[in-house]
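Report on the following structure.
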Amino acid sequence: MNLDFEKLKVQGVKVNYYYICKRKLWLFDKGITMEHNSDRVLSGKLIHEKSYQRAKAKEVMIDDILKIDIIQGDYIRETKISSKMPQADKMQIIYYLYYLKNLGITKKGSINYVKEKKVEEVELTEQDEKNIEKTLIEINNITKLKKPPKLEKLPICTKCAYYEFCFAKEI
Ligand code: SF4
């Protein structure tokens with residue numbers, strides 16, 4: 001696919017939200033951020049800080065757009081509280097691998113699920129690259145919408161920081 005990566009590249013969190021909820025992606029893109037109200041985010045930050053206190057290399061910022069938890073040797077490592085959103089977590093780290101490949105850097109990935117104490121290894125495949133390119137195009141289409149995508153109740157809604165925003169009438 002002939003992708004204009006410079007035009008379509010986004011923060012990793014948007015790839016993550018794309019796989020969780022398109023409406024969440026749109027709200028976040030418009031600067032409507034409510035995640036600071038979420039206990040889940042706070043506990044995630046605390047777990048993250050504790051988990052990697054002794055790591056040699058910590059958060060790495062690339063191009064002011066990509067924030068990678070840890071780069072260690074051949075690996076980039078991400079920390080997640082739990083494995084409730086495995087597809088979103090996997091696609092986020094695949095996006096990081098894809099992004100780095102565009103910069104001429106080849107890495108593997110690993111996701112550290114703190115609650116379950118398990119580590120998932122991720123490698124970038126050709127199919128992953130196609131999926132990420134399609135995802136970037138769709139993210140661009142969604143964020144260009146004048147209105148948020150239609151509201152659909154999802155199993156994760158009650159745990160989402162945007163719950164009040166989306167379901168104010170029901171509260
Ligand atoms: S509350 Fe549900 S519909 Fe609204 S943004 Fe969150 S996940 Fe999406």
Side-chain angles (χ1 to χ4, degrees), residues 3 5 7-51 59 61-69 76-99 109-120 122 124 127-171:
L3 190 88
F5 183 61
K7 193 176 148 218
L8 295 178
K9 66 186 183 184
V10 292
Q11 296 157 272
V13 69
K14 289 188 183 175
V15 173
N16 188 284
Y17 285 176
Y18 173 84
Y19 284 94
I20 292 175
C21 169
K22 315 282 185 279
R23 188 174 164 92
K24 183 169 176 141
L25 164 67
W26 188 94
L27 292 169
F28 178 81
D29 180 71
K30 297 293 163 276
I32 305 166
T33 51
M34 302 172 87
E35 291 282 13
H36 60 279
N37 290 331
S38 161
D39 288 347
R40 190 177 169 274
V41 168
L42 182 61
S43 66
K45 278 188 181 144
L46 293 175
I47 285 170
H48 177 269
E49 279 164 20
K50 281 189 181 173
S51 298
E59 258 174 22
M61 198 76 187
I62 296 172
D63 291 345
D64 266 342
I65 196 169
L66 212 69
K67 195 164 73 177
I68 297 173
D69 283 353
I76 59 170
R77 304 189 191 278
E78 284 290 304
T79 311
K80 300 287 179 188
I81 306 171
S82 73
S83 57
K84 280 189 188 144
M85 298 291 165
Q87 193 197 16
D89 297 340
K90 187 175 174 197
M91 292 314 287
Q92 185 176 356
I93 201 161
I94 279 173
Y95 172 60
Y96 291 166
L97 297 175
Y98 176 90
Y99 195 113
S110 76
I111 310 169
N112 176 21
Y113 288 111
V114 177
K115 267 193 191 162
E116 293 95 340
K117 292 192 172 64
K118 69 173 183 183
V119 176
E120 182 150 334
V122 182
L124 185 68
Q127 187 57 50
D128 291 330
E129 290 188 33
K130 285 183 194 149
N131 291 343
I132 280 295
E133 288 171 354
K134 192 165 159 269
T135 299
L136 292 177
I137 291 167
E138 287 178 16
I139 287 175
N140 185 254
N141 291 338
I142 290 166
T143 54
K144 277 196 306 202
L145 293 171
K146 294 258 184 307
K147 291 181 187 170
K150 200 166 161 271
L151 182 59
E152 275 176 61
K153 197 153 191 173
L154 303 169
I156 55 126
C157 286
T158 53
K159 300 245 172 7
C160 175
Y162 292 108
Y163 185 74
E164 286 182 38
F165 186 95
C166 289
F167 296 98
K169 281 186 219 146
E170 292 185 12
I171 295 169

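First listed ligand is number 1; within each ligand, the first listed atom is number 1. Index from 1, following the sequence. Note that this is a predicted model, so its numbers are computed, not measured.
Seen from the ring of Phe167, Lys153 counts as a face-on cation partner, given the 6.0 Å and 45° thresholds. Remark: Lys24 is not positioned above the aromatic ring of Tyr162, lacking an NZ or CZ atom under 6.0 angstrom from the ring centre and at most 45 degrees off the axis.
Residue Met91 comes nearest to Val15 through the heavy atom pair O-CG1, 3.7 Å, listed as atom of the first residue, atom of the second, then distance. Smallest separation of non-hydrogen atoms from Trp26 and Lys146: CZ2-O, 3.4 Å.
Protein N/O/S atoms closer to atom 2 (Fe) of ligand 1 than 2.8 Å number 1 in this structure.
Under a 3.5 Å cut-off, the side chain of Lys30 and the backbone N or O of Thr143 do form a donor-acceptor pair.
Between the side chains of Tyr98 and Glu133, at least one donor N or O lies within less than 3.5 Å of an accepting N or O.
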